[in-house]
Structure formats: structure tokens, C-alpha cells
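What follows is one structure encoded as C-alpha cells, with my remarks underneath.
Atoms considered below: every heavy atom in the structure, side chains included; atoms not considered: hydrogens, waters and symmetry mates.
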Amino acid sequence: MTPSRRLAALAAMVVGGVTACSAVTPSGPTLAPVTPGAATASPPPIASQGPSPTASAVVLGELGRRLDIRSVSDDFASRVLEFVANGSSIIASAAEGDGDAAAPDLYAIPYETGEAQLVWRNPERDHSIVKLAADGNLIAFVDMSTTDEAQWTLRVIPDLAAEPVILDQLTAGPGVSTLVPSVTASSPYVVWTAFHAGPDGPVSQMFAAQAPRWEPVLLAERPAMDAELWFPSLLGSRLVYTELIYAADHLTDERTVWLTDVGASDAPRQLSASGLATMPIINQYDIAWKEGDAGFHQLNWGSMERYVVETGRLEPMYEDSINFPSAGIRFMTWSSAWQDRIVVWDGRQGQVREILTTDGDVHRVSRVHAGGTLLAWQYVDDSAAEPIVGIWYARLPQ
């Protein structure tokens with residue numbers, strides 16, 4: 001199996017998910033609010049810098065020409081399943097060997113070296129880490145079985161030298177959604193949404209946990225037959241998330257974006273107005289989200305809209321078909337349905353800026369992620385008989 005096909009097969013498991021989970025009993029103190037702080041420094045580099053990527057099919061945009069674009073070694077990149085940028089490193093899950101059917105292990109790839117460092121070796125070798133969230137050296141991740149077993153586990157690593165702490169787990173139960181949690185991290189918090197078995201049936205719940213105790217605190221709960229909670233995004237203690245409310249016939253839904261504070265008792269505030277908003281993100285400049293189309297699933301492509309904090313107005317950011325937005329300190333970004341370009345939203349300048357373009361056919365860019373001051377993405381070159389799967393990254397202006 002080629003690297004690109006193996007990665008596609010592993011990625012499909014994230015969508016299929018697993019089944020059921022017993023309810024987590026919330027405990028511990030009220031979470032203390034914090035303001036956003038600087039990310040923890042990355043571990044010292046252990047290898048020489050990776051090669052700078054070159055591709056004649058890539059045309060750099062006005063911002064892209066200012067960047068020092070680097071790449072992870074192709075041998076490692078071909079084994080990667082999931083990755084995110086965390087400000088100082090790329091955090092990734094990967095297979096141990098080329099062609100393996102699972103990606104169980106957690107790695108950090110420091111900006112300075114481009115070389116992978118093993119952070120945690122999963123004792124369950126038939127599991128894959130399918131979800132990641134990171135802020136500096138704080139990493140939250142979900143691993144799940146690659147067999148037919150219904151199982152997932154959400155863990156947090158407070159820093160790269162610490163052992164993982166289990167935050168949540170799935171156990172089988174009737175009628176509970178098979179989807180794995182969505183998760184976000186902003187030191188000292190981790191917030192996640194998950195489906196569990198409640199006393200009166202399946203529930204959709206949102207939890208937070210705070211260092212150093214990491215005790216889950218229930219933030220919100222909905223009967224899963226009526227509503228769902230999705231896609232939390234943190235900046236310090238400020239939290240945005242999606243609430244999905246089903247119509248009576250369950251054929252359509254209403255999706256709204258909410259803003260709250262995990263350390264305060266204030267009621268959440270609704271930001272969106274269309275009923276089609278999902279995947280919100282937040283940074284020091286903007287709150288934004290994806291606007292979908294009526295009648296389509298929330299995972300479908302859409303356009304970007306932002307909430308202007310100073311005025312309370314809603315403004316369009318980007319109209320082309322996008323998905324899975326992410327936010328760094330100054331810049332926001334997203335993946336294009338056409339896999340032919342990378343752009344970012346510059347919160348300081350209030351405009352879209354171009355990183356690069358490709359033909360979108362033989363040479364493709366996807367899975368774009370911004371975290372802190374880093375931007376990372378997957379680059380695929382299908383011009384040869386064996387596709388080349390790479391991970392490229394760059395430090396954005398501060």
C-alpha cells in the first residue's frame with residue numbers, strides 16, 4: 001500500500017469513529033480563569049535541520065515569499081496520520097514502520113530541526129492517535145482501536161517529559177454515537193466534547209480539565225437525540241463552541257456558535273445568526289467560524305465569517321469552499337476544497353494573504369493548520385509512479 005493510500009485508510013477511521021461511552025462524573029473545583037500566555041518552549045533539538053522543500057509546481061504568494069518554508073523528512077511524513085502546529089513544534093501521530101496499519105505513537109517535530117522526537121510510545125500497538133490538540137508542550141490526544149473493538153481514550157500530556165493522564169474513555173452502550181471527541185487545548189486548560197450514556201439515554205457533553213489536577217468538570221450537556229455539542233476552541237479561558245439542534249424530523253439541524261469563559265459563571269453568549277455556523281476558532285484578534293449551506297452536513301465545505309468583537313457585527317472573511325479552520329496568534333487559516341492554495345487571514349491587517357498556489361491536481365496542498373506562530377500543511381506530489389507525501393511548515397510573522 002502506498003503511503004498516501006495508507007494515510008487515507010487511517011483517516012477514514014476518524015470519521016467512522018467508535019461506539020458508546022459511559023457517563024463521566026464531573027468533579028473537582030470550579031475552573032479558575034486565566035489570560036492567554038506565551039507557549040512553553042520546545043525541547044532542545046536533537047538532530048540537524050530538515051531540508052527546505054522545492055517544487056516547481058508551487059507558486060509563492062506575497063506572504064509566502066517572505067517565509068522560510070521547511071519540510072519534515074519524507075520518510076517520516078509518509079508515516080504520519082494526524083498533525084497540528086503548536087507554536088514551537090509540529091505534534092504528530094505516526095506509524096512505527098512504513099506500511100503499518102496503525103499510527104499509535106506521539107511525536108514532536110521541533111521547528112528548528114524538522115526531525116521527529118518520540119514523545120509517547122503507545123503500549124496498544126493496534127491503536128491509532130486520531131485527534132490532537134496542543135499549546136506549547138501541553139498536548140491532548142485521542143487514540144482508538146483500529147480493530148472492530150469499540151474503544152477510545154482521551155489523554156493529556158502536561159509537558160513532553162510527563163506521563164499521559166487519562167481524561168475520558170469510551171465504553172459500549174446502546175444508542176451512543178460512534179464519533180470520537182473533538183478537543184482543544186490552551187494552557188492550563190483542555191476542553192472536549194463527547195457522547196456518553198446518560199441515565200435517560202445518550203447525551204452530548206462538554207468538559208473542561210485544568211492543570212495540575214486534570215479533573216473533568218462538566219460545562220454543558222444535551223440529550224443527544226435533540227442536540228449535540230461540537231468543535232470547542234480555546235484562547236486562555238475564553239471558549240467558543242458549536243451547538244447543533246435537530247429538527248423534529250431529524251432531517252435538518254440548526255447550528256450556532258457560542259462564546260463563554262470556562263472559569264466564569266456567566267451564561268454563554270450566542271454569536272452567529274444564520275443557523276449554519278460551525279467549527280469556530282478564536283485568537284487574539286478575531287472570532288470566526290465556517291458557514292455551511294442549508295441541507296448539508298456540518299462537515300461539508302463552506303465559507304468563513306468573523307465576529308467583530310468591537311462592534312458585534314458579522315463580516316465575511318473568505319467565500320471559497322473551505323473546511324477545518326484553525327487559529328494561531330495573529331493568523332487564521334483553513335483547507336481548500338480544491339487543494340490548490342493556502343491563504344491566511346491576517347488579524348492585524350484585517351485581510352486575506354496568500355501563501356502559495358499549486359495546480360491542485362498532480363500537486364496538492366491540504367490539512368492546513370495554524371498554531372501559535374507556526375503554519376503546517378501536507379503536500380502531495382503525484383507526478384511520479386509512487387506519490388510523495390510531505391509535511392511542510394513555516395514560522396509566520398508575529
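The backbone N or O of S274 sits nowhere less than 3.5 Å from a side-chain atom of S272 that would complete a donor-acceptor pair. Under a 3.5 Å cut-off, the side chain of D286 and the backbone N or O of A288 do not form any donor-acceptor pair. For the pair N300 (side chain) and D293 (backbone), a donor-acceptor distance under 3.5 Å is absent. No donor-acceptor pair under 3.5 Å is formed between the side chain of S335 and the backbone N or O of S366. T193 contributes no side-chain N or O that, together with a main-chain N or O of P181, makes up a donor-acceptor pair within less than 3.5 Å. Looking only at distances, no side-chain donor or acceptor of S336 sits under 3.5 Å from a matching main-chain atom of R341. Side-chain atoms of R364 do not come within 3.5 Å of backbone N or O of Q339 as any donor-acceptor pair. Of the possible donor and acceptor atoms, one in the side chain of R330 sits under 3.5 Å from a partner among the backbone N and O of Q398. Judged purely by atom type and a 3.5 angstrom limit, D135 has no side-chain atom pairing as donor or acceptor with the backbone of L138. With S204 contributing its side chain and A224 its backbone, the two residues share no donor-acceptor pair below 3.5 Å.
A perpendicular orientation is assigned to the rings of F195 and W230, their planes being inclined by more than 60° (bins at 30° and 60°). Using bins of under 30°, 30° to 60° and over 60° for the plane-to-plane angle, the ring pair Y107/F76 lands in the perpendicular bin.
Inter-residue side-chain proximity for D320 and W338 is flagged as met; some heavy-atom pair is nearer than 4.5 Å.
With 3.5 Å as the limit, one finds no donor-acceptor pair spanning the side chains of D75 and S73. Checking Y246 against E228 by side-chain atom types alone, a donor-acceptor pair falls below 3.5 Å. In this structure, a donor-acceptor pair under 3.5 Å is absent between the side chains of T256 and E254. Between D168 and H196, the side chains place a donor N or O and an acceptor N or O closer than 3.5 Å (distance only, hydrogens not considered). When only modelled atom types and interatomic distance are considered, H127 and D143 share a side-chain donor-acceptor pair under 3.5 Å.
Grouped by direct or indirect side-chain proximity (heavy atoms under 4.5 Å, Ile/Leu/Val/Met/Phe/Trp/Tyr only), M304 sits with I281, M317, Y318, I322, M332, W334, V343, W345, V352.
Screening N86, I157, V119 for a side chain to side chain contact (heavy atoms under 4.5 Å, CB included) involving I91 leaves a single residue, N86.
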Query raised in the report: What do the steps show when you test K290 against E305 for salt bridge (charged side-chain N to carboxylate O under 4.0 Å, His left out), and what is the final call?
Result: CA-CA 6 Å; K290 181 183 74 174; E305 183 167 283; over 6 Å; no

Requested in this report: Decide salt bridge (charged side-chain N to carboxylate O under 4.0 Å, His left out) for R79 and D100; before the verdict, give the C-alpha distance in whole Å, the side-chain angles of both, and the deciding distance to 0.1 Å.
Outcome: CA-CA 8 Å; R79 298 173 10 227; D100 288 354; over 6 Å; no

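Around CH2 of W214, the count of heavy atoms belonging to other residues, nucleotides or ligands within 6.0 Å exceeds 12.
Because its NZ or CZ atom is both nearer than 6.0 Å to the ring centre of Y111 and within 45° of the ring axis, R395 counts as a cation-pi partner of that residue.
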